[in-house]
Amino acid sequence: MYVTNIFATEDAADFNENTSADRVGARIRKIRKAKGMSQSELGECVGLNADRIQKYENGARRPKFDLTKKIANALGVEALAITDPVVSNYIGAMYAFFEMEEAYDLKVNDDGRISISFGNGITGAINSNLREWYKRIEQRDEALAVAKDDEERNAIMLDYNQWKWTFPKPLARQTETALRKSQLQHKIEQLQEELNRLETDE
(Lines give C-alpha, C1' and ligand atoms only; values in the text may rest on other atoms or scores of the structure.)
Protein backbone atom coordinates (compact mmCIF):
# COMPACT_ATOMS: atom_id res chain seq x y z
CA MET A 1 0.00 0.00 0.00
CA TYR A 2 2.78 2.42 0.84
CA VAL A 3 5.41 3.24 -1.73
CA THR A 4 8.74 4.76 -0.86
CA ASN A 5 10.13 7.39 -3.20
CA ILE A 6 13.32 9.29 -2.56
CA PHE A 7 12.29 11.80 -5.25
CA ALA A 8 15.43 11.05 -7.23
CA THR A 9 13.58 11.34 -10.53
CA GLU A 10 10.24 12.85 -9.60
CA ASP A 11 9.08 15.89 -7.69
CA ALA A 12 7.40 15.05 -4.36
CA ALA A 13 4.14 16.77 -5.37
CA ASP A 14 4.07 14.94 -8.72
CA PHE A 15 4.72 11.63 -6.97
CA ASN A 16 1.87 12.31 -4.53
CA GLU A 17 -0.55 13.10 -7.33
CA ASN A 18 0.56 10.20 -9.56
CA THR A 19 0.14 7.61 -6.78
CA SER A 20 -3.04 8.95 -5.17
CA ALA A 21 -5.34 6.49 -6.99
CA ASP A 22 -3.14 3.59 -5.82
CA ARG A 23 -3.43 4.69 -2.19
CA VAL A 24 -7.20 5.25 -2.34
CA GLY A 25 -7.69 1.89 -4.06
CA ALA A 26 -5.53 0.06 -1.53
CA ARG A 27 -7.56 1.53 1.34
CA ILE A 28 -10.84 0.48 -0.29
CA ARG A 29 -9.54 -3.05 -0.87
CA LYS A 30 -8.19 -3.38 2.68
CA ILE A 31 -11.43 -2.23 4.31
CA ARG A 32 -13.63 -4.26 1.95
CA LYS A 33 -11.69 -7.45 2.71
CA ALA A 34 -11.70 -6.74 6.46
CA LYS A 35 -15.50 -6.38 6.26
CA GLY A 36 -15.78 -9.70 4.40
CA MET A 37 -17.34 -8.17 1.28
CA SER A 38 -16.68 -9.23 -2.29
CA GLN A 39 -16.07 -6.71 -5.07
CA SER A 40 -19.47 -7.67 -6.51
CA GLU A 41 -21.21 -7.00 -3.19
CA LEU A 42 -19.55 -3.62 -2.80
CA GLY A 43 -20.34 -2.74 -6.40
CA GLU A 44 -23.97 -3.68 -5.94
CA CYS A 45 -24.23 -1.33 -2.94
CA VAL A 46 -23.01 1.64 -4.98
CA GLY A 47 -24.50 0.77 -8.39
CA LEU A 48 -21.33 -0.50 -10.06
CA ASN A 49 -20.11 -3.86 -11.32
CA ALA A 50 -17.21 -5.83 -9.79
CA ASP A 51 -14.91 -4.90 -12.69
CA ARG A 52 -15.30 -1.19 -11.92
CA ILE A 53 -14.58 -1.78 -8.21
CA GLN A 54 -11.50 -3.79 -9.22
CA LYS A 55 -10.25 -0.87 -11.34
CA TYR A 56 -10.61 1.47 -8.36
CA GLU A 57 -8.89 -0.97 -6.02
CA ASN A 58 -6.00 -1.49 -8.47
CA GLY A 59 -5.49 2.25 -8.86
CA ALA A 60 -6.36 2.17 -12.57
CA ARG A 61 -9.07 4.75 -11.83
CA ARG A 62 -9.75 7.05 -8.93
CA PRO A 63 -13.35 7.50 -7.75
CA LYS A 64 -14.73 11.02 -7.68
CA PHE A 65 -15.52 12.40 -4.25
CA ASP A 66 -19.29 11.69 -4.39
CA LEU A 67 -18.59 8.06 -5.29
CA THR A 68 -15.89 7.85 -2.60
CA LYS A 69 -18.54 8.88 -0.06
CA LYS A 70 -20.93 6.22 -1.38
CA ILE A 71 -18.23 3.55 -1.18
CA ALA A 72 -17.31 4.62 2.36
CA ASN A 73 -20.98 4.54 3.37
CA ALA A 74 -21.36 1.04 1.88
CA LEU A 75 -18.30 -0.08 3.84
CA GLY A 76 -19.61 1.55 7.03
CA VAL A 77 -16.64 3.92 7.42
CA GLU A 78 -15.92 7.65 7.16
CA ALA A 79 -14.91 8.91 3.71
CA LEU A 80 -11.72 10.20 5.36
CA ALA A 81 -10.71 6.57 5.97
CA ILE A 82 -10.43 6.13 2.19
CA THR A 83 -9.09 9.48 0.98
CA ASP A 84 -5.57 10.87 1.43
CA PRO A 85 -5.33 12.56 4.84
CA VAL A 86 -5.56 16.36 4.90
CA VAL A 87 -4.45 17.83 8.22
CA SER A 88 -6.11 21.25 8.00
CA ASN A 89 -8.52 20.16 10.75
CA TYR A 90 -8.07 17.93 13.77
CA ILE A 91 -10.18 15.04 12.39
CA GLY A 92 -8.07 14.96 9.23
CA ALA A 93 -4.95 15.07 11.40
CA MET A 94 -6.21 12.03 13.33
CA TYR A 95 -6.60 10.07 10.08
CA ALA A 96 -3.05 11.06 9.16
CA PHE A 97 -1.88 9.67 12.51
CA PHE A 98 -3.87 6.46 11.94
CA GLU A 99 -2.15 6.03 8.58
CA MET A 100 1.28 6.73 10.06
CA GLU A 101 0.64 4.06 12.69
CA GLU A 102 0.54 1.49 9.88
CA ALA A 103 3.07 3.02 7.53
CA TYR A 104 5.74 4.17 10.01
CA ASP A 105 5.02 2.29 13.25
CA LEU A 106 3.83 5.48 14.97
CA LYS A 107 3.43 5.03 18.74
CA VAL A 108 1.28 7.17 21.03
CA ASN A 109 2.94 7.78 24.42
CA ASP A 110 1.52 9.26 27.61
CA ASP A 111 4.18 10.30 30.13
CA GLY A 112 1.96 12.95 31.67
CA ARG A 113 1.89 14.60 28.27
CA ILE A 114 0.76 12.93 25.04
CA SER A 115 3.53 12.54 22.48
CA ILE A 116 4.23 10.38 19.45
CA SER A 117 7.30 8.44 18.39
CA PHE A 118 8.21 6.21 15.47
CA GLY A 119 9.52 2.67 15.50
CA ASN A 120 12.81 1.47 14.06
CA GLY A 121 13.69 -0.44 10.91
CA ILE A 122 12.02 0.95 7.80
CA THR A 123 11.13 4.11 9.71
CA GLY A 124 14.79 5.11 10.05
CA ALA A 125 14.31 7.77 7.38
CA ILE A 126 11.39 9.30 9.29
CA ASN A 127 13.38 9.45 12.51
CA SER A 128 16.35 10.88 10.63
CA ASN A 129 14.15 13.56 9.03
CA LEU A 130 12.60 14.41 12.40
CA ARG A 131 16.10 14.81 13.90
CA GLU A 132 17.04 17.20 11.07
CA TRP A 133 13.84 19.15 11.69
CA TYR A 134 14.62 19.30 15.43
CA LYS A 135 18.10 20.67 14.62
CA ARG A 136 16.54 23.36 12.43
CA ILE A 137 14.13 24.31 15.24
CA GLU A 138 17.04 24.57 17.69
CA GLN A 139 19.01 26.74 15.25
CA ARG A 140 15.96 28.95 14.72
CA ASP A 141 15.34 29.36 18.45
CA GLU A 142 19.01 30.10 19.20
CA ALA A 143 19.09 32.72 16.44
CA LEU A 144 15.81 34.29 17.60
CA ALA A 145 17.12 34.53 21.18
CA VAL A 146 19.94 36.87 20.06
CA ALA A 147 18.14 38.69 17.21
CA LYS A 148 18.52 42.48 17.47
CA ASP A 149 15.23 43.58 15.91
CA ASP A 150 12.04 42.55 14.10
CA GLU A 151 13.76 42.65 10.72
CA GLU A 152 16.35 40.12 11.85
CA ARG A 153 13.66 37.96 13.50
CA ASN A 154 11.61 38.01 10.29
CA ALA A 155 14.68 36.99 8.27
CA ILE A 156 15.33 34.08 10.67
CA MET A 157 11.73 32.91 10.40
CA LEU A 158 11.79 33.20 6.61
CA ASP A 159 14.95 31.07 6.49
CA TYR A 160 13.33 28.46 8.76
CA ASN A 161 10.08 28.42 6.77
CA GLN A 162 11.99 28.21 3.49
CA TRP A 163 13.63 25.02 4.82
CA LYS A 164 10.14 23.56 5.44
CA TRP A 165 8.62 24.83 2.21
CA THR A 166 11.35 23.26 0.06
CA PHE A 167 11.68 19.98 1.98
CA PRO A 168 13.24 17.47 1.13
CA LYS A 169 15.54 19.48 -1.15
CA PRO A 170 17.55 20.97 1.77
CA LEU A 171 18.39 17.45 2.94
CA ALA A 172 19.46 16.45 -0.56
CA ARG A 173 21.74 19.50 -0.77
CA GLN A 174 23.10 18.74 2.69
CA THR A 175 23.80 15.13 1.65
CA GLU A 176 25.50 16.26 -1.55
CA THR A 177 27.66 18.72 0.41
CA ALA A 178 28.62 16.03 2.94
CA LEU A 179 29.47 13.61 0.13
CA ARG A 180 31.59 16.21 -1.68
CA LYS A 181 33.41 17.07 1.58
CA SER A 182 34.09 13.37 2.15
CA GLN A 183 35.43 12.98 -1.39
CA LEU A 184 37.67 16.03 -1.00
CA GLN A 185 38.91 14.82 2.39
CA HIS A 186 39.81 11.46 0.85
CA LYS A 187 41.62 13.19 -2.01
CA ILE A 188 43.54 15.39 0.46
CA GLU A 189 44.61 12.28 2.40
CA GLN A 190 45.77 10.61 -0.83
CA LEU A 191 47.75 13.70 -1.83
CA GLN A 192 49.27 13.95 1.67
CA GLU A 193 50.39 10.30 1.46
CA GLU A 194 51.92 10.94 -1.97
CA LEU A 195 53.68 14.05 -0.67
CA ASN A 196 55.04 12.10 2.31
CA ARG A 197 56.37 9.40 -0.03
CA LEU A 198 58.07 12.00 -2.23
CA GLU A 199 59.67 13.67 0.80
CA THR A 200 60.87 10.30 2.07
CA ASP A 201 62.45 9.47 -1.33
CA GLU A 202 64.49 12.70 -1.42
Side-chain angles (χ1 to χ4, degrees), residues 1-8 10-32 34-35 56-57 59 61-141 144 153-154 156-175:
M1 176 173 174
Y2 305 101
V3 183
T4 301
N5 175 37
I6 56 169
F7 311 123
E10 190 173 15
D11 179 78
D14 290 337
F15 175 80
N16 238 24
E17 182 61 29
N18 294 338
T19 58
S20 179
D22 293 328
R23 290 190 301 276
V24 170
R27 292 183 193 108
I28 293 170
R29 181 172 54 251
K30 179 180 177 182
I31 295 168
R32 174 185 61 76
K35 298 275 185 168
Y56 289 133
E57 289 188 357
R61 299 184 66 168
R62 181 177 173 184
K64 292 187 177 172
F65 184 64
D66 285 347
L67 179 55
T68 299
K69 288 173 75 173
K70 284 183 184 176
I71 291 170
N73 189 51
L75 292 170
V77 300
E78 291 290 332
L80 289 172
I82 294 172
T83 58
D84 278 341
V86 176
V87 299
S88 54
N89 62 66
Y90 73 93
I91 299 294
M94 286 302 297
Y95 277 92
F97 290 141
F98 299 154
E99 186 143 328
M100 284 188 279
E101 178 185 26
E102 293 182 34
Y104 304 115
D105 193 24
L106 178 144
K107 306 282 187 204
V108 179
N109 312 298
D110 187 356
D111 300 321
R113 184 175 180 181
I114 297 292
S115 65
I116 59 172
S117 61
F118 295 91
N120 296 319
I122 196 168
T123 60
I126 288 289
N127 285 322
S128 176
N129 289 343
L130 288 172
R131 281 189 193 95
E132 289 299 325
W133 185 19
Y134 182 75
K135 285 182 201 171
R136 290 296 300 186
I137 291 169
E138 281 191 318
Q139 290 170 5
R140 177 203 66 193
D141 291 348
L144 286 171
R153 278 185 284 278
N154 288 339
I156 291 163
M157 288 306 299
L158 177 59
D159 180 61
Y160 170 70
N161 286 325
Q162 186 66 20
W163 184 89
K164 292 194 298 183
W165 295 333
T166 58
F167 187 85
K169 289 187 176 87
L171 291 188
R173 283 193 298 272
Q174 185 176 322
T175 302

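Along the sequence shown, residues are numbered consecutively beginning with 1. All values derive from a computational prediction rather than experimental measurement.
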### Task
Would you mind telling me which of Trp165, Tyr160, Phe167 makes a ring-ring contact (aromatic ring centres under 6.0 Å, His included) with Trp163?
Phe167
#### Entry: Parallel, tilted or perpendicular, as decided by the 30° and 60° cut-offs, for the rings of Tyr95 and Phe98
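Perpendicular, since the angle between the ring planes exceeds 60°.
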Is [X] salt-bridged to [Y], cutoff N-O under 4.0 Å?
{"X": "Asp22", "Y": "Arg27", "value": "no"}
{"X": "Glu138", "Y": "Lys135", "value": "no"}
{"X": "Lys107", "Y": "Glu101", "value": "no"}
{"X": "Asp111", "Y": "Arg113", "value": "no"}

Please find the pair of heavy atoms, one from [X] and one from [Y], that lie closest to each other, and give the distance.
{"X": "Ser20", "Y": "Asp84", "result": "OG-OD2, 3.3 Å"}
{"X": "Gly92", "Y": "Pro85", "result": "O-CB, 4.2 Å"}
{"X": "Ala21", "Y": "Arg62", "result": "CB-CB, 3.8 Å"}
{"X": "Lys35", "Y": "Leu75", "result": "CE-O, 3.0 Å"}

### Task
Determine, step by step, whether Glu57 and Arg32 satisfy the side-chain contact (heavy atoms from CB on, under 4.5 Å) criterion, reporting the C-alpha distance in whole Å, the side-chain angles of both residues, the deciding distance to 0.1 Å, and the verdict.
CA-CA 10 Å; Glu57 289 188 357; Arg32 174 185 61 76; 2.5 Å; yes
From [atom1] ([X]) to [atom2] ([Y]), nearest 0.5 Å:
{"X": "Trp133", "Y": "Arg140", "atom1": "CH2", "atom2": "CZ", "answer": "9.5 Å"}
{"X": "Leu80", "Y": "Asn89", "atom1": "CG", "atom2": "CG", "answer": "7.5 Å"}
{"X": "Ile82", "Y": "Phe65", "atom1": "CD1", "atom2": "CZ", "answer": "10.0 Å"}

### Query
Any chance CD of Gln139 has more than 12 other-residue heavy atoms, nucleotides or ligands included, within less than 6.0 Å?
yes
### Task
Quick one: do Met157 and Leu144 satisfy side-chain contact (heavy atoms from CB on, under 4.5 Å)? Show the steps, please.
CA-CA 8 Å; Met157 288 306 299; Leu144 286 171; 3.9 Å; yes
With a 4.5 Å limit on heavy-atom distance, are the side chains of [X] and [Y] in contact?
{"X": "Pro63", "Y": "Val24", "value": "yes"}
{"X": "Thr68", "Y": "Thr83", "value": "yes"}
{"X": "Asp110", "Y": "Ser115", "value": "no"}
{"X": "Phe118", "Y": "Ile126", "value": "yes"}
{"X": "Asn109", "Y": "Ser117", "value": "yes"}
{"X": "Arg23", "Y": "Asn16", "value": "yes"}

### Query
Is the backbone of Lys69 close enough, under 3.5 Å, to the side chain of Asn73 for a donor and an acceptor to pair up by distance?
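Not confirmed, Asn73 side chain does not pair with Lys69 backbone.
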### Query
Step by step, would you call Arg131 with Arg136 a side-chain contact (heavy atoms from CB on, under 4.5 Å)?
CA-CA 9 Å; Arg131 281 189 193 95; Arg136 290 296 300 186; over 6 Å; no
